[in-house]
Protein chains: 2
Amino acid sequence: MSPKHYPNLCPIESFLGHIMGPWTPYILWLLSNEESLRFGQIAALIPDISAKVLTDRLRKLEASGLVNRDYQPTVPPTVYYSLTERGAELHGVLQGLNKVAIRWDEEDRQKEGDAEIAAE
Amino acid sequence: MSPKHYPNLCPIESFLGHIMGPWTPYILWLLSNEESLRFGQIAALIPDISAKVLTDRLRKLEASGLVNRDYQPTVPPTVYYSLTERGAELHGVLQGLNKVAIRWDEEDRQKEGDAEIAAE
DNA sequence: GCAAGTAGTTACCTTATGGTAAGTATTGAG
DNA sequence: CTCAATACTTACCATAAGGTAACTACTTGC
(Lines give C-alpha, C1' and ligand atoms only; values in the text may rest on other atoms or scores of the structure.)
Protein backbone atom coordinates (compact mmCIF):
# COMPACT_ATOMS: atom_id res chain seq x y z
CA MET A 1 0.00 0.00 0.00
CA SER A 2 2.99 2.25 -0.20
CA PRO A 3 2.56 5.28 -2.45
CA LYS A 4 5.28 3.85 -4.65
CA HIS A 5 3.30 0.76 -5.56
CA TYR A 6 -0.15 2.16 -5.29
CA PRO A 7 -1.11 2.83 -8.88
CA ASN A 8 -2.66 6.06 -10.00
CA LEU A 9 -4.36 4.51 -12.99
CA CYS A 10 -7.69 4.81 -11.30
CA PRO A 11 -9.05 7.88 -9.49
CA ILE A 12 -11.28 5.66 -7.40
CA GLU A 13 -8.28 3.84 -6.15
CA SER A 14 -6.27 6.86 -5.10
CA PHE A 15 -9.42 8.17 -3.48
CA LEU A 16 -10.02 4.97 -1.54
CA GLY A 17 -6.39 5.08 -0.50
CA HIS A 18 -7.29 7.90 1.85
CA ILE A 19 -10.19 6.25 3.59
CA MET A 20 -9.35 2.59 3.63
CA GLY A 21 -7.46 0.69 6.21
CA PRO A 22 -8.72 -0.78 9.44
CA TRP A 23 -10.81 1.62 11.55
CA THR A 24 -10.57 4.57 9.18
CA PRO A 25 -14.10 4.45 7.76
CA TYR A 26 -15.47 3.95 11.24
CA ILE A 27 -13.59 6.97 12.55
CA LEU A 28 -15.04 9.05 9.73
CA TRP A 29 -18.46 7.71 10.48
CA LEU A 30 -18.19 8.65 14.15
CA LEU A 31 -16.96 12.13 13.31
CA SER A 32 -19.76 12.64 10.82
CA ASN A 33 -22.29 12.14 13.60
CA GLU A 34 -20.77 14.67 16.01
CA GLU A 35 -19.59 18.24 15.82
CA SER A 36 -16.23 17.18 17.17
CA LEU A 37 -14.68 14.47 19.30
CA ARG A 38 -11.64 14.43 21.52
CA PHE A 39 -8.92 11.85 21.10
CA GLY A 40 -9.97 10.02 24.23
CA GLN A 41 -13.61 9.98 23.21
CA ILE A 42 -12.83 8.35 19.90
CA ALA A 43 -10.61 5.84 21.66
CA ALA A 44 -13.47 5.03 24.03
CA LEU A 45 -15.89 4.52 21.14
CA ILE A 46 -13.48 2.08 19.48
CA PRO A 47 -12.40 -0.12 22.39
CA ASP A 48 -9.98 -2.31 20.44
CA ILE A 49 -7.95 0.40 18.77
CA SER A 50 -4.56 1.27 20.21
CA ALA A 51 -3.38 4.83 20.78
CA LYS A 52 -0.66 4.29 18.22
CA VAL A 53 -3.00 3.27 15.44
CA LEU A 54 -5.60 5.88 16.31
CA THR A 55 -2.94 8.58 16.18
CA ASP A 56 -1.73 7.25 12.86
CA ARG A 57 -5.20 7.23 11.34
CA LEU A 58 -6.00 10.73 12.54
CA ARG A 59 -2.70 12.06 11.22
CA LYS A 60 -3.31 10.50 7.84
CA LEU A 61 -6.85 11.82 7.67
CA GLU A 62 -5.51 15.24 8.60
CA ALA A 63 -2.89 14.99 5.87
CA SER A 64 -5.61 14.05 3.40
CA GLY A 65 -7.54 17.15 4.36
CA LEU A 66 -10.52 15.23 5.67
CA VAL A 67 -10.13 15.95 9.37
CA ASN A 68 -9.29 19.06 11.40
CA ARG A 69 -7.10 18.82 14.46
CA ASP A 70 -7.67 21.47 17.09
CA TYR A 71 -5.07 21.37 19.85
CA GLN A 72 -5.93 23.27 23.01
CA PRO A 73 -2.89 23.77 25.24
CA THR A 74 -4.84 23.34 28.44
CA VAL A 75 -3.51 21.21 31.26
CA PRO A 76 -3.85 18.41 30.53
CA PRO A 77 -4.10 19.23 26.84
CA THR A 78 -7.28 18.54 24.92
CA VAL A 79 -7.44 17.91 21.20
CA TYR A 80 -10.63 18.19 19.22
CA TYR A 81 -11.07 16.38 15.93
CA SER A 82 -13.75 17.25 13.43
CA LEU A 83 -14.46 16.77 9.75
CA THR A 84 -13.31 19.36 7.28
CA GLU A 85 -15.66 20.51 4.57
CA ARG A 86 -14.28 17.80 2.35
CA GLY A 87 -14.65 15.24 5.08
CA ALA A 88 -18.28 16.23 5.39
CA GLU A 89 -18.75 15.77 1.65
CA LEU A 90 -17.77 12.16 2.15
CA HIS A 91 -20.88 11.60 4.19
CA GLY A 92 -23.06 11.20 1.13
CA VAL A 93 -20.69 8.74 -0.47
CA LEU A 94 -20.36 6.78 2.73
CA GLN A 95 -24.12 6.61 3.03
CA GLY A 96 -24.27 5.15 -0.47
CA LEU A 97 -21.78 2.51 0.53
CA ASN A 98 -23.65 1.91 3.74
CA LYS A 99 -26.93 1.37 1.93
CA VAL A 100 -25.47 -1.26 -0.39
CA ALA A 101 -23.52 -2.90 2.41
CA ILE A 102 -26.59 -3.20 4.61
CA ARG A 103 -28.81 -4.44 1.79
CA TRP A 104 -26.34 -7.18 0.88
CA ASP A 105 -26.00 -8.12 4.54
CA GLU A 106 -29.76 -8.52 4.75
CA GLU A 107 -29.93 -10.54 1.56
CA ASP A 108 -27.22 -12.82 2.87
CA ARG A 109 -28.95 -13.26 6.18
CA GLN A 110 -32.17 -14.05 4.32
CA LYS A 111 -30.40 -16.74 2.33
CA GLU A 112 -28.85 -18.22 5.46
CA GLY A 113 -32.26 -18.32 7.04
CA ASP A 114 -33.69 -20.13 4.02
CA ALA A 115 -30.85 -22.62 4.11
CA GLU A 116 -31.47 -23.39 7.78
CA ILE A 117 -35.16 -23.97 7.18
CA ALA A 118 -34.36 -26.22 4.23
CA ALA A 119 -31.94 -28.21 6.41
CA GLU A 120 -34.57 -29.04 9.03
CA MET B 1 -6.19 -6.47 7.67
CA SER B 2 -6.64 -9.98 8.94
CA PRO B 3 -10.25 -10.98 9.52
CA LYS B 4 -9.43 -11.31 13.21
CA HIS B 5 -8.56 -7.66 13.60
CA TYR B 6 -10.79 -6.19 11.00
CA PRO B 7 -13.70 -4.88 13.00
CA ASN B 8 -17.27 -5.49 12.10
CA LEU B 9 -18.54 -2.43 13.89
CA CYS B 10 -19.14 -0.70 10.63
CA PRO B 11 -20.93 -2.17 7.59
CA ILE B 12 -19.08 0.25 5.35
CA GLU B 13 -15.83 -1.12 6.56
CA SER B 14 -16.60 -4.78 5.97
CA PHE B 15 -17.96 -3.80 2.59
CA LEU B 16 -14.82 -1.91 1.67
CA GLY B 17 -12.83 -4.91 2.82
CA HIS B 18 -13.96 -6.69 -0.33
CA ILE B 19 -13.01 -4.04 -2.82
CA MET B 20 -9.99 -2.36 -1.34
CA GLY B 21 -6.40 -3.25 -1.72
CA PRO B 22 -4.05 -2.33 -4.51
CA TRP B 23 -5.46 -2.92 -8.01
CA THR B 24 -8.82 -4.27 -6.90
CA PRO B 25 -10.96 -1.24 -7.71
CA TYR B 26 -9.24 -0.92 -11.04
CA ILE B 27 -9.93 -4.55 -11.90
CA LEU B 28 -13.59 -4.00 -11.11
CA TRP B 29 -13.59 -0.88 -13.21
CA LEU B 30 -12.12 -2.70 -16.19
CA LEU B 31 -14.61 -5.52 -15.86
CA SER B 32 -17.51 -3.11 -15.59
CA ASN B 33 -16.64 -1.76 -19.02
CA GLU B 34 -16.49 -5.13 -20.80
CA GLU B 35 -18.70 -8.16 -21.04
CA SER B 36 -15.80 -10.32 -19.94
CA LEU B 37 -12.02 -10.34 -19.95
CA ARG B 38 -9.51 -13.16 -20.00
CA PHE B 39 -6.76 -13.39 -17.43
CA GLY B 40 -4.14 -12.36 -19.93
CA GLN B 41 -6.18 -9.42 -21.13
CA ILE B 42 -6.51 -8.02 -17.63
CA ALA B 43 -2.81 -8.56 -17.08
CA ALA B 44 -2.07 -6.65 -20.28
CA LEU B 45 -4.31 -3.76 -19.19
CA ILE B 46 -2.50 -3.50 -15.86
CA PRO B 47 1.16 -3.72 -16.90
CA ASP B 48 2.66 -3.55 -13.41
CA ILE B 49 0.61 -6.25 -11.76
CA SER B 50 2.18 -9.66 -11.24
CA ALA B 51 0.42 -12.91 -12.07
CA LYS B 52 0.47 -13.82 -8.42
CA VAL B 53 -1.29 -10.70 -7.24
CA LEU B 54 -3.76 -10.72 -10.12
CA THR B 55 -4.69 -14.30 -9.33
CA ASP B 56 -5.07 -13.42 -5.69
CA ARG B 57 -7.33 -10.45 -6.40
CA LEU B 58 -9.52 -12.40 -8.80
CA ARG B 59 -9.86 -15.26 -6.33
CA LYS B 60 -10.87 -12.89 -3.57
CA LEU B 61 -13.37 -11.10 -5.77
CA GLU B 62 -14.77 -14.46 -6.75
CA ALA B 63 -15.03 -15.45 -3.08
CA SER B 64 -16.85 -12.19 -2.38
CA GLY B 65 -19.35 -13.01 -5.09
CA LEU B 66 -18.45 -10.00 -7.21
CA VAL B 67 -16.76 -11.79 -10.10
CA ASN B 68 -17.52 -14.90 -12.14
CA ARG B 69 -14.75 -17.21 -13.26
CA ASP B 70 -15.47 -19.20 -16.39
CA TYR B 71 -12.80 -21.79 -17.08
CA GLN B 72 -12.78 -23.24 -20.60
CA PRO B 73 -10.66 -26.40 -20.86
CA THR B 74 -9.37 -25.58 -24.30
CA VAL B 75 -5.72 -25.99 -25.19
CA PRO B 76 -4.24 -23.79 -24.00
CA PRO B 77 -6.95 -23.11 -21.46
CA THR B 78 -8.85 -19.83 -21.48
CA VAL B 79 -10.52 -18.29 -18.46
CA TYR B 80 -13.12 -15.56 -18.74
CA TYR B 81 -13.79 -13.19 -15.89
CA SER B 82 -16.92 -11.10 -15.66
CA LEU B 83 -18.92 -9.24 -13.04
CA THR B 84 -21.69 -11.01 -11.21
CA GLU B 85 -24.99 -9.25 -10.71
CA ARG B 86 -23.70 -7.94 -7.42
CA GLY B 87 -20.50 -6.84 -9.03
CA ALA B 88 -22.52 -4.91 -11.57
CA GLU B 89 -24.46 -3.22 -8.77
CA LEU B 90 -21.17 -1.82 -7.59
CA HIS B 91 -20.88 0.20 -10.75
CA GLY B 92 -23.19 2.92 -9.46
CA VAL B 93 -21.33 3.18 -6.19
CA LEU B 94 -17.99 3.27 -7.94
CA GLN B 95 -19.23 6.02 -10.22
CA GLY B 96 -20.17 8.02 -7.16
CA LEU B 97 -16.68 7.59 -5.80
CA ASN B 98 -15.23 8.40 -9.19
CA LYS B 99 -17.18 11.63 -9.43
CA VAL B 100 -15.96 12.88 -6.07
CA ALA B 101 -12.41 11.70 -6.69
CA ILE B 102 -12.23 13.48 -10.03
CA ARG B 103 -13.78 16.67 -8.71
CA TRP B 104 -11.29 16.85 -5.86
CA ASP B 105 -8.45 16.15 -8.24
CA GLU B 106 -9.55 19.06 -10.37
CA GLU B 107 -9.94 21.36 -7.39
CA ASP B 108 -6.43 20.43 -6.24
CA ARG B 109 -4.98 21.03 -9.69
CA GLN B 110 -6.73 24.37 -9.77
CA LYS B 111 -5.16 25.33 -6.47
CA GLU B 112 -1.73 24.20 -7.62
CA GLY B 113 -2.13 26.32 -10.73
CA ASP B 114 -3.06 29.36 -8.64
CA ALA B 115 -0.06 28.77 -6.39
CA GLU B 116 2.30 28.66 -9.38
CA ILE B 117 0.91 31.86 -10.79
CA ALA B 118 1.23 33.53 -7.40
CA ALA B 119 4.85 32.38 -7.16
CA GLU B 120 5.86 34.05 -10.43
C1' DG C 1 12.15 -33.47 -29.54
C1' DC C 2 11.34 -28.59 -28.78
C1' DA C 3 9.17 -24.08 -28.63
C1' DA C 4 4.82 -21.59 -28.10
C1' DG C 5 0.92 -20.16 -25.76
C1' DT C 6 -2.47 -19.63 -21.44
C1' DA C 7 -3.22 -19.49 -16.79
C1' DG C 8 -1.64 -20.05 -13.24
C1' DT C 9 1.61 -22.01 -8.81
C1' DT C 10 5.57 -22.11 -5.76
C1' DA C 11 9.46 -20.67 -3.22
C1' DC C 12 11.92 -17.14 -1.36
C1' DC C 13 12.84 -12.51 0.22
C1' DT C 14 11.76 -7.71 1.79
C1' DT C 15 8.86 -4.38 3.41
C1' DA C 16 4.84 -2.66 5.66
C1' DT C 17 1.57 -2.99 9.15
C1' DG C 18 -0.30 -3.72 13.46
C1' DG C 19 0.04 -5.08 18.39
C1' DT C 20 1.87 -4.46 23.18
C1' DA C 21 3.91 -2.12 26.68
C1' DA C 22 6.26 1.44 28.64
C1' DG C 23 7.68 6.26 28.63
C1' DT C 24 6.93 11.68 28.01
C1' DA C 25 5.15 16.35 29.18
C1' DT C 26 2.53 19.46 32.12
C1' DT C 27 0.52 21.07 36.39
C1' DG C 28 -3.01 21.17 39.97
C1' DA C 29 -4.68 18.40 43.87
C1' DG C 30 -3.83 15.81 48.14
C1' DC D 1 6.46 14.17 46.64
C1' DT D 2 3.49 11.60 44.12
C1' DC D 3 -0.69 10.77 41.50
C1' DA D 4 -3.99 11.73 38.12
C1' DA D 5 -5.41 13.16 33.66
C1' DT D 6 -4.76 13.72 28.38
C1' DA D 7 -2.68 12.90 24.25
C1' DC D 8 0.50 11.12 22.47
C1' DT D 9 5.71 8.63 21.40
C1' DT D 10 8.93 5.17 21.26
C1' DA D 11 10.89 0.66 21.12
C1' DC D 12 10.34 -3.81 20.04
C1' DC D 13 8.21 -7.88 18.01
C1' DA D 14 5.17 -10.80 15.00
C1' DT D 15 2.50 -11.25 11.07
C1' DA D 16 0.87 -10.16 6.55
C1' DA D 17 1.38 -8.49 2.11
C1' DG D 18 3.68 -7.74 -1.99
C1' DG D 19 7.63 -8.46 -5.39
C1' DT D 20 10.54 -11.47 -8.37
C1' DA D 21 11.65 -15.35 -10.73
C1' DA D 22 11.30 -19.87 -11.96
C1' DC D 23 8.37 -23.78 -12.66
C1' DT D 24 3.91 -26.59 -14.13
C1' DA D 25 0.45 -28.61 -17.36
C1' DC D 26 -1.26 -29.59 -21.82
C1' DT D 27 -1.41 -30.04 -26.81
C1' DT D 28 -0.50 -28.20 -31.44
C1' DG D 29 2.75 -27.14 -34.95
C1' DC D 30 7.51 -27.29 -36.80
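Reminder, nothing fancy here: chain letters follow the sequence lines and each chain counts from 1.
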A.B. asks: More 5' along DNA chain D: A:Val75 or A:Thr55, using each one's nearest nucleotide?
C.D. replies: A:Val75
A.B. asks: Whole-Å distance between C:dT6 C1' and B:Tyr71 OH?
C.D. replies: 9 Å
A.B. asks: Between B:Leu54 (CG) and C:dG8 (P), how many Å, whole number?
C.D. replies: 8 Å
A.B. asks: In terms of side-chain heavy atoms, does B:Arg38 have a donor or acceptor partner in B:Tyr80 at a distance below 3.5 Å?
C.D. replies: no
A.B. asks: Ignoring hydrogens and angles, answer whether the base of C:dG8 and the side-chain atoms of B:Lys52 contain a donor-acceptor pair closer than 3.5 Å.
C.D. replies: no
A.B. asks: Give the nucleotide from the list D:dC8, D:dG18, C:dT6 with an atom nearest to the side chain of B:Thr78.
C.D. replies: C:dT6
A.B. asks: Taking the side chain of B:Ala51 as heavy atoms from C-beta outward, which of D:dG19, C:dG8, D:dA7 is closest to it?
C.D. replies: C:dG8
A.B. asks: For B:Arg57 and D:dG19, give me the distance from atom CZ to atom P, rounded to whole Å.
C.D. replies: 8 Å
A.B. asks: Can you measure A:Ile46 atom CD1 to D:dA7 atom P for me and round it to whole angstrom units?
C.D. replies: 14 Å
A.B. asks: Taking atom CD of A:Gln72 as the centre, does the number of heavy atoms from other residues, nucleotides or ligands within less than 6.0 Å exceed 12?
C.D. replies: yes
A.B. asks: When the ring planes of A:His91 and A:Trp29 are compared, do they come out parallel, tilted or perpendicular, using 30° and 60° as the limits?
C.D. replies: parallel
A.B. asks: Looking at B:Arg69, does any N or O in its side chain come under 4.0 Å of the phosphate oxygens OP1/OP2 on C:dA7?
C.D. replies: no
A.B. asks: Answer yes when B:Asp56 and B:Lys52 have at least one side-chain N-carboxylate O distance shorter than 4.0 Å, and no when they do not.
C.D. replies: no
A.B. asks: Whole Å only: how far is the CD atom of B:Gln41 from the P atom of C:dA7?
C.D. replies: 8 Å
A.B. asks: May I have the distance from A:Ile49 (atom CD1) to C:dG18 (atom P), rounded to whole angstrom?
C.D. replies: 10 Å
A.B. asks: If I take atom CG in residue B:Leu37 and atom C1' in nucleotide C:dA7, what distance separates them, rounded to the nearest angstrom?
C.D. replies: 15 Å
A.B. asks: In whole Å, I'd like the distance from the CH2 atom of B:Trp23 to the C1' atom of D:dA17.
C.D. replies: 14 Å
A.B. asks: For a quick test of reading the model: is some side-chain N or O of A:Arg59 closer than 4.0 Å to OP1 or OP2 of D:dT9?
C.D. replies: yes
A.B. asks: Starting at the 5' end of DNA chain C, which residue's closest nucleotide do you reach first, A:Pro77 or A:Asp56?
C.D. replies: A:Asp56
A.B. asks: When you group the ILVMFWY residues by side-chain heavy-atom contacts below 4.5 Å and let the links chain together, are A:Trp104 and A:Ile102 in the same group?
C.D. replies: no
A.B. asks: Is B:Tyr81 touching bases, backbone alone, or none of the nucleic acid, heavy atoms closer than 4.0 Å?
C.D. replies: sugar-phosphate
